[in-house]
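Note: hydrogens, waters and symmetry copies are ignored here, and every other heavy atom, side chains too, is used. Lettering follows sequence order; numbering is per chain, from 1. Computed from a predicted structure; not experimentally measured.
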Amino acid sequence: MTSPDESFYFRPTASVARDLVGKKLVRIVRGNDGQVVRRLSGVIVETEAYGHSDDKASHAYIGPTRRNSIMFGAVGRAYVYFSYGNHFCVNISARSPNAKAGAVLIRALQPLEGLDIMQQLRNRKDLYDLTSGPGKLTKAMGITNLLNGVDMTDPDGELHIEPEDAPRSVACSPRVGISRAVSKKWRFFDIDSPFVSRTVPAIHRARIVTARVYTNSHIH
DNA sequence: CGCTCGATATTCT
DNA sequence: GAATATCGAGCGA
């Protein structure tokens, strides 16, 4: 199995966020002997891009700190942070070669492998409630700050991305749960998926942004 | 269904 | 002390 390499993540963060929709987030659990015990995975159906000095809503806007340092380092790494005092969120560091920082927040998955484990970790059965939010999916996959900084381009790594290139219709909208830089349309989601984190207003359902028609002017 | 509230890391005032 | 890239329990309609 291959994974997108660093060249995939060394592009404008919003482009990476768009192109991650439809790929698989994979969590590998290994035993003491190094053998794979379980695979947990899901198709990414919703992401958000966070920039640097161009983006007041980004953790990186204030410059490097201990928490956000991954956003300023190598691309393709997991940036895991603790939010609102009770859950984790997972991002992948990604940025244009001429930018200093950036990351893509994974907001929702369609559960694929290891459903029973995810249901246990979440203490919930409903597949539509299992990974339909950034805090939910980290709990379902057992992602904590212990995984902060892991290389997500390593196809044998505990946490990585795998291709899953069935055609997707991707739309964009303003990001969720922020109060600054609300005009940027840097949330990307699979317009046909029932697994996104919340209902998408009708005004945004028509804004198809595929790889073919995408330009930066669509998302500003 | 929609509302309020508690959980409490990290950063800012 | 207050705000933030949230979630879920507990409530009442």
Closest-nucleotide mapping onto DNA chain C: is A:Asn123 or A:His59 further toward the 5' terminus? I mean the 5' end. A:His59
Go along nucleotides 2-7 of chain B 5' to 3' and tag each nucleotide: B for a protein heavy atom under 4.0 Å from its base, S when only backbone or sugar atoms are that close, - otherwise. -----B
Regarding A:Asn68, tell me which of base, sugar-phosphate or nothing describes its non-hydrogen contacts under 4.0 Å with the strands shown. nothing
Indicate whether any N or O donor in one side chain lies under 3.5 Å from an N or O acceptor in the other, for A:Ser93 and A:Arg77. no
Looking at A:Val80 and A:Asn148, what are the two nearest heavy atoms and their distance? N-OD1, 2.9 Å
How many Å lie between CZ on A:Arg198 and P on C:dC7, as a whole number? 8 Å
I need the NZ-P distance between A:Lys139 and C:dT6, as an integer number of Å. 17 Å
Parallel, tilted or perpendicular, as decided by the 30° and 60° cut-offs, for the rings of A:Tyr128 and A:Phe195: parallel
How would you label the contact of A:Arg180 with the nucleic acid (heavy atoms, under 4.0 Å): base, sugar-phosphate, or nothing? nothing
Kindly compute the distance separating CZ (A:Arg180) from OG (A:Ser58), expressed to the nearest 0.5 Å. 10.0 Å
Output the rounded distance in Å from CG (A:Asp55) to P (C:dT4). 15 Å
Exactly one of A:Lys184, A:Arg175, A:Lys100 clears salt bridge (charged side-chain N to carboxylate O under 4.0 Å, His left out) with A:Asp55, and that residue is A:Arg175
Answer for the Watson-Crick or wobble partner of B:dG6, both distances under 3.5 Å, is C:dC7
Would you say A:Thr65 reaches B:dT10's phosphate, i.e. side-chain N/O to OP1/OP2 under 4.0 Å? no
From A:Thr138, A:Leu112, A:Leu109, residue fulfilling side chain to side chain contact (heavy atoms under 4.5 Å, CB included) relative to A:Thr131: A:Leu109
Closest non-hydrogen atoms of A:Lys23 and A:Glu164, given as atom of the first, atom of the second and distance, are CA-CB, 4.2 Å
At 4.0 Å (heavy atoms only), tell me whether A:Lys136 reaches a base, stays on the sugar-phosphate, or touches nothing. sugar-phosphate
Distance between P atoms of B:dG6 and C:dG1 (Å, rounded): 16 Å
Find the distance A:Asp129:CG to C:dA9:C1' and express it as a whole number of Å. 13 Å
Length of the line joining A:Arg107:CZ and C:dC7:P, which is rounded to integer Å: 6 Å
How close or far is atom C1' of C:dT6 from atom CG of A:Asn91, stated in whole angstroms? 14 Å
Give the rounded distance in Å between these two atoms: CZ of A:Arg175 and P of C:dT6. 11 Å
Determine, for A:Asp192 against A:Arg168, whether the closest basic-nitrogen to carboxylate-oxygen distance falls under 4.0 angstrom. no
Have a look at A:Arg67 and say if it touches a base, only the backbone sugar-phosphate, or nothing, with a 4.0 Å heavy-atom cut-off. sugar-phosphate
In whole angstrom, what separates A:Phe82's CZ from C:dA3's P? 20 Å
Any base atoms under 4.0 Å from A:Leu105, or only sugar-phosphate, or nothing? Heavy atoms, all strands. base
Rounding to the closest angstrom, what is the interatomic distance between C:dA5 and B:dG2 at atom C1'? 23 Å
Looking at the side chain of A:Val176, which of C:dA5, B:dC12, C:dT6 is the nearest nucleotide? C:dT6
Counting heavy atoms from C-beta on, name the nucleotide in B:dT11, C:dA5, C:dG8 closest to the side chain of A:Arg122. C:dG8
